[in-house]
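Here is the structure we will look at, set down as structure tokens.
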Amino acid sequence: MTGQLRVADIPSLHHMAWQPIVHFASQQIWGYEALARFTDVTPTQAFAQCAGEDAVRRLDAQCWQQALHHPPDQGWLFLNVTAATIRAAQWAPVPGSLQERVIWELPETAGWDPGMIPQGLPVALDDVGSGYGDLWRLQGVRWRAIKIDRGIIAQMETRAAAQYLVRALVRVAQRRGGVLIAEGVETAATARRLQQLGVAYGQGYLWGMP
């Protein structure tokens with residue numbers, strides 16, 4: 001990290017919230033995603049307001065530090081990471097007691113490639129189905145989990161192509177031995193349909209706000 005960052009360069013982080021990831025069949029919580037909450041802006045707006053990549057990485061680090069300071073007692077812990085941090089290879093040190101639980105959630109956005117991910121690092125691919133980089137990263141990254149973009153889930157009952165994509169991702173996860181998680185699950189009917197299609201885990205407002 002270069003230069004001296006002022007507090008004003010970085011939006012004010014209010015707190016970190018945890019959203020559960022639930023196993024459909026048992027309804028047991030399998031893990032959690034750490035979600036940053038800011039006073040007056042959305043997380044997307046907060047990171048967009050950062051004054052340069054140093055500030056983006058600094059805000060990344062603040063989010064991780066808060067999340068790892070008060071994590072849930074059990075389950076996997078999904079921590080989001082930006083492309084700026086991936087490019088700089090500035091992964092946060094994880095306390096020994098949490099090292100077996102943390103999974104780094106990689107962004108769909110451009111600006112990084114599979115060769116930048118350290119071998120053996122436990123990672124998940126976020127928002128799969130939403131962008132051009134999906135096939136490349138599904139093949140090139142040794143992921144433990146992939147998350148189906150909420151936009152695909154929202155279209156699942158009205159567009160056959162969305163259901164086809166979900167089925168295809170189920171096959172990919174089965175071949176790779178990874179976990180498939182549906183984002184944006186808001187109703188019990190959606191959860192049942194995903195389970196019928198072979199998806200085992202979900203995340204969304206059906207189980208409460210973060």
Side-chain angles (χ1 to χ4, degrees), residues 11 16-19 21 31-38 41-50 53 55-57 59-61 63-64 67 76-92 102-118 121-156 159 161-173 175-176 178-186 190 194 197 199-205 210:
M16 296 298 293
W18 293 96
Q19 186 169 44
I21 298 168
Y32 299 84
E33 179 182 351
L35 299 172
R37 293 293 179 256
F38 299 86
V41 295
T42 67
T44 299
Q45 291 169 336
F47 278 91
Q49 289 175 10
C50 286
E53 290 208 349
V56 170
R57 293 192 293 268
L59 186 54
D60 247 357
C63 293
W64 303 335
W76 292 99
L77 307 174
F78 285 70
L79 303 182
N80 289 280
V81 59
T82 63
T85 293
I86 295 173
R87 287 194 297 270
Q90 292 186 345
W91 304 88
V102 168
I103 294 180
W104 297 99
E105 194 162 322
L106 308 180
E108 184 280 328
T109 53
W112 66 275
D113 62 60
M116 297 175 180
I117 308 303
L121 191 74
V123 298
L125 297 179
D126 195 17
D127 297 330
V128 172
S130 67
Y132 72 93
D134 292 341
L135 293 178
W136 178 40
R137 289 167 179 157
L138 280 170
Q139 179 64 29
V141 175
R142 290 186 174 275
W143 43 266
R144 292 192 183 181
I146 51 179
K147 289 189 169 185
I148 309 173
D149 181 68
R150 66 181 61 248
I152 301 300
I153 303 305
Q155 299 175 47
M156 200 173 56
R159 298 185 61 182
Q163 291 193 26
Y164 178 84
L165 178 56
V166 171
R167 290 191 182 99
L169 290 173
V170 168
R171 292 193 292 271
V172 169
R175 286 198 302 268
R176 288 283 295 268
V179 173
L180 186 61
I181 302 165
E183 295 185 300
V185 180
E186 297 186 355
T190 298
L194 285 163
L197 293 172
V199 181
Y201 298 89
Q203 175 180 351
Y205 290 168

(request) Could you tell me whether Arg137 sits above the aromatic face of Trp143, with NZ or CZ closer than 6.0 angstrom to the six-membered ring centre and within 45 degrees of the axis? (result)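 No - Arg137 does not lie over the ring of Trp143 by the 6.0 Å and 45° rule.
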
(request) Go through the steps to decide whether Gln203 and Tyr32 satisfy the test side-chain contact (heavy atoms from CB on, under 4.5 Å), and finish with yes or no. (result) CA-CA 9 Å; Gln203 175 180 351; Tyr32 299 84; over 6 Å; no

(message) Against Trp104, only a single residue in Trp76, Trp112, Phe78, Trp64 fulfils ring pair (Phe, Tyr, Trp, His ring centres under 6.0 Å); can you say which?
(response)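 Answer to the ring pair (Phe, Tyr, Trp, His ring centres under 6.0 Å) test with Trp104 among Trp76, Trp112, Phe78, Trp64: Trp64.
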
(message) So does Asp126 get a backbone contact from the side chain of Glu108, meaning a donor-acceptor N/O pair under 3.5 Å?
(response)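 Pair absent, no side-chain N/O of Glu108 close to backbone of Asp126.
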
(message) Quick check against the 3.5 Å criterion: does Arg87 have a side-chain atom that pairs as donor or acceptor with the backbone of Met116?
(response)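 Pair absent, no side-chain N/O of Arg87 close to backbone of Met116.
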
Nearest atoms (heavy-atom pairs only) where [X] meets [Y]:
X	Y	value
Arg37	Pro43	NH1-CG, 3.8 Å
Ala84	Arg57	O-CD, 3.6 Å
Ala173	Leu180	CB-CB, 4.1 Å

(request) Report the distance from atom OH of Tyr164 to atom CZ of Arg159, rounding to the nearest 0.5 Å. (result)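 Nearest 0.5 Å value for the OH-CZ distance: 14.5 Å.
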
(request) Identify the residue among Val128, Val141, Ile181 that makes a side chain to side chain contact (heavy atoms under 4.5 Å, CB included) with Ile146. (result)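 Checked Val128, Val141, Ile181 against Ile146; only one passes side chain to side chain contact (heavy atoms under 4.5 Å, CB included): Val128.
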
(request) Decide side-chain contact (heavy atoms from CB on, under 4.5 Å) for Asn80 and Glu33; before the verdict, give the C-alpha distance in whole Å, the side-chain angles of both, and the deciding distance to 0.1 Å. (result) CA-CA 8 Å; Asn80 289 280; Glu33 179 182 351; 2.9 Å; yes

(message) Walk me through whether Leu79 and Trp91 qualify under side-chain contact (heavy atoms from CB on, under 4.5 Å).
(response) CA-CA 11 Å; Leu79 303 182; Trp91 304 88; over 6 Å; no

(request) Given side-chain contact (heavy atoms from CB on, under 4.5 Å), test Ile117 with Arg142 step by step and report yes or no. (result) CA-CA 9 Å; Ile117 308 303; Arg142 290 186 174 275; over 6 Å; no

